[in-house]
Participant: 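Before I ask anything, let me first share the structure, which is written out below as structure tokens.
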Protein chains: 2
Amino acid sequence: MNQETKAEVIDLSALQVACRDCTLFQLCLPIGLGEADLARLERIIKTKRYARRGDYIFRRGEGFRAIYAVKAGSVKTVTIAEDGREQVTGFHLPGELFGLDAIAGGSHCASARALERTTLCEIPFDSLEDFGEEVPAILRQMLRIMSREIQRDHTLAHLANRSAEERLAAFLISISNRYRERGFSGSEFHLTMSRSDIGNYLGLAVETVSRLFTRFQHEGLLAARSKHIQLLDVDGLQGIAGEAVCVRGASR
Amino acid sequence: MNQETKAEVIDLSALQVACRDCTLFQLCLPIGLGEADLARLERIIKTKRYARRGDYIFRRGEGFRAIYAVKAGSVKTVTIAEDGREQVTGFHLPGELFGLDAIAGGSHCASARALERTTLCEIPFDSLEDFGEEVPAILRQMLRIMSREIQRDHTLAHLANRSAEERLAAFLISISNRYRERGFSGSEFHLTMSRSDIGNYLGLAVETVSRLFTRFQHEGLLAARSKHIQLLDVDGLQGIAGEAVCVRGASR
DNA sequence: CGCGCAGTTGACGTGCTTCAACCGCCGTGG
DNA sequence: CCACGGCGGTTGAAGCACGTCAACTGCGCG
């Protein structure tokens, strides 16, 4: 993965996760599928669905048909309350899955929108279940993936009794770790979502988020040129964030 | 714990969910298992683990061995941050599962403690996976159960940008719905957790929670005698809560 | 060129937290 | 028997962190 960041032309292929770094691919990779099974799984997974900034991947209320993985780009999921207020429920970076919450109800509770030009893998849930009928290891792996999502959501719940400062620091650390886990730089990245998305997600006003970014910058914790973020003192941020929860893997 | 409150003696068996109302039992019931399989599943599920108020079901850091269902009583799960602050991540009522977040990491991120005298079903995860190897429908059902948990957690995330009033109303509606779904009264129940647990869970100070209870009471929305709650105007509370999210099943 | 939106910054108001005092309840021990 | 200390819960008073309102900037786009 050519990480030719810094000043030069951005190579799109460099921003893609390799299949082996993708959560979705964990479905087949580490569980010892035979050649034949692997080929079959690859037929099931439809790669190459594209979306541009603002495009909907699916909308709230639509029937549940498939789960998705981000190959390149990024996605947000939002729910909409009666009164029209939106709530961002999550951001999804390259290699991550989304749409899992719809398995139970049969229809999507949230809408998913691309935050930038995004490539997705789509895997029809019916086919996945059929396949899992023959190869249960697939389903076991799905359990693990969903468990991790639950764990992450619980970590997020932590934010409820934390200060604005702690929330934003935790958010940045989380993004950083997730990028790093997928083989990108954890200290320098683009925040593809708007400040208001971040605020909404963290339960803060846009203005508060903005003020915190400048404060963090003055304190030498990070450098921000609009959406381009460079973490200068990860430990410092980690300290503010108040140390994430779990024994291992901490911040996801 | 003799709950001989006010007038009548409470029949303990009446406070238990029937197996068919238990989330765990959904593993076998609706998917057409044969007699033999069903019998085998019942051998796997160890019923009857007891816990008294304050007892730990499992502790943070312990190896993950089993998932649990509440048969009677109630449970809270809490994580502990570096600085010692506790964070309540969930309450679990009769018929509900907990411990699912540990599947991914292999050890528990949270501790689980009984809120009162509690009866639990314990199902060793190894056995469940082995069984799922032969009967994949089991695993498919697990996916659904976990999906619902993710969905619920996302609903919770909503609370982030809501007022204290909205949070508590939403919390009460949620508890009410969950009791009702399991065949208990949705309008009159015991809140087995302390006010400070509620506050912690919702990200509010104890005092705020307390003040809200008295305000709701003055407004005729509910009647509270310490932990015993009677919802007098569910629609009113629903209105304050701001209508839960999903197309169906709303508030779980 | 002008519009609109995202982001920043300042001034102000307030909903919540914090601090504090107090009550009722319960278990413990003199 | 009462005294006691501790804990959970309620209530009041005071402070502050954050939201709200508003003005301004820069930038992309038609």
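Reminder, nothing fancy here: chain letters follow the sequence lines and each chain counts from 1.
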Participant: Just the rounded figure in Å: distance from C1' of D:dC29 to CZ of A:R53.
Facilitator: 14 Å
Participant: Using whole Å, report how far CD1 of B:I198 lies from P of D:dG8.
Facilitator: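 Rounded to whole Å, this separation is 13 Å.
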Participant: Over how many whole Å does the gap from A:L202 atom CG to D:dG19 atom P extend?
Facilitator: 11 Å
Participant: Mind listing the residues from residues 207-217 of chain A sitting with a heavy atom below 4.0 Å of DNA chain C? Number order is fine.
Facilitator: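 Output list: A:E207, A:S210, A:R211, A:T214.
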Participant: Could you tell me the separation between the CZ atom of A:R162 and the P atom of D:dA17, rounded to a whole number of Å?
Facilitator: 17 Å
Participant: Does the B:S176 side chain pair with the main chain of B:G186, one donor and one acceptor, at a distance under 3.5 Å?
Facilitator: yes
Participant: Think B:K227 has a side-chain N or O under 4.0 angstrom from the OP1 or OP2 of D:dG9?
Facilitator: yes
Participant: To the nearest Å, give me how far apart NE2 (B:H218) and C1' (D:dT11) are.
Facilitator: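 Result: 11 Å.
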Participant: Taking side chain as C-beta onward, heavy atoms only, is A:R60 less than 4.5 Å from A:H108?
Facilitator: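 They are not in side-chain contact.
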Participant: Looking across every strand, which nucleic acid part, if any, lies under 4.0 Å from A:S163 by heavy atom: base, sugar-phosphate, or nothing?
Facilitator: sugar-phosphate
Participant: Does A:Y201 have its ring centroid less than 6.0 Å away from the ring centroid of A:F91?
Facilitator: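 That pair passes the under 6.0 Å test.
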Participant: Taking the side chain as C-beta and beyond, is there a heavy-atom pair between B:T208 and B:L202 under 4.5 Å?
Facilitator: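 No; the side chains remain at least 4.5 Å from each other.
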Participant: If we only count heavy atoms from C-beta on, is the A:L97 to A:H92 side-chain gap below 4.5 Å?
Facilitator: no
Participant: Does B:D55 reach the main-chain N or O of B:A114 with its side chain, forming a donor-acceptor pair under 3.5 Å?
Facilitator: no
Participant: Determine whether a donor-acceptor pair (N or O, by modelled atom type, separation under 3.5 Å) exists between the side chain of A:R162 and the backbone of A:A241.
Facilitator: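 Yes; at least one donor-acceptor contact below 3.5 Å.
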Participant: At a heavy-atom distance below 4.0 Å, which nucleotide of DNA chain C is the first touched by chain A, and which is the last?
Facilitator: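 In short, chain A contacts DNA chain C from C:dG7 to C:dA11.
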Participant: By the 4.0 Å heavy-atom rule, please label B:G203 as base, sugar-phosphate, or nothing.
Facilitator: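 It contacts sugar-phosphate atoms only.
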Participant: In whole angstroms, how far is the C1' atom of D:dC18 from the CG atom of B:N161?
Facilitator: 13 Å
Participant: Roughly how far, to the nearest 0.5 Å, is the OG atom of B:S163 from the CG atom of B:L212?
Facilitator: 8.0 Å
Participant: Return yes if a side-chain donor-acceptor contact under 3.5 Å exists between B:E116 and B:S74, otherwise no.
Facilitator: yes
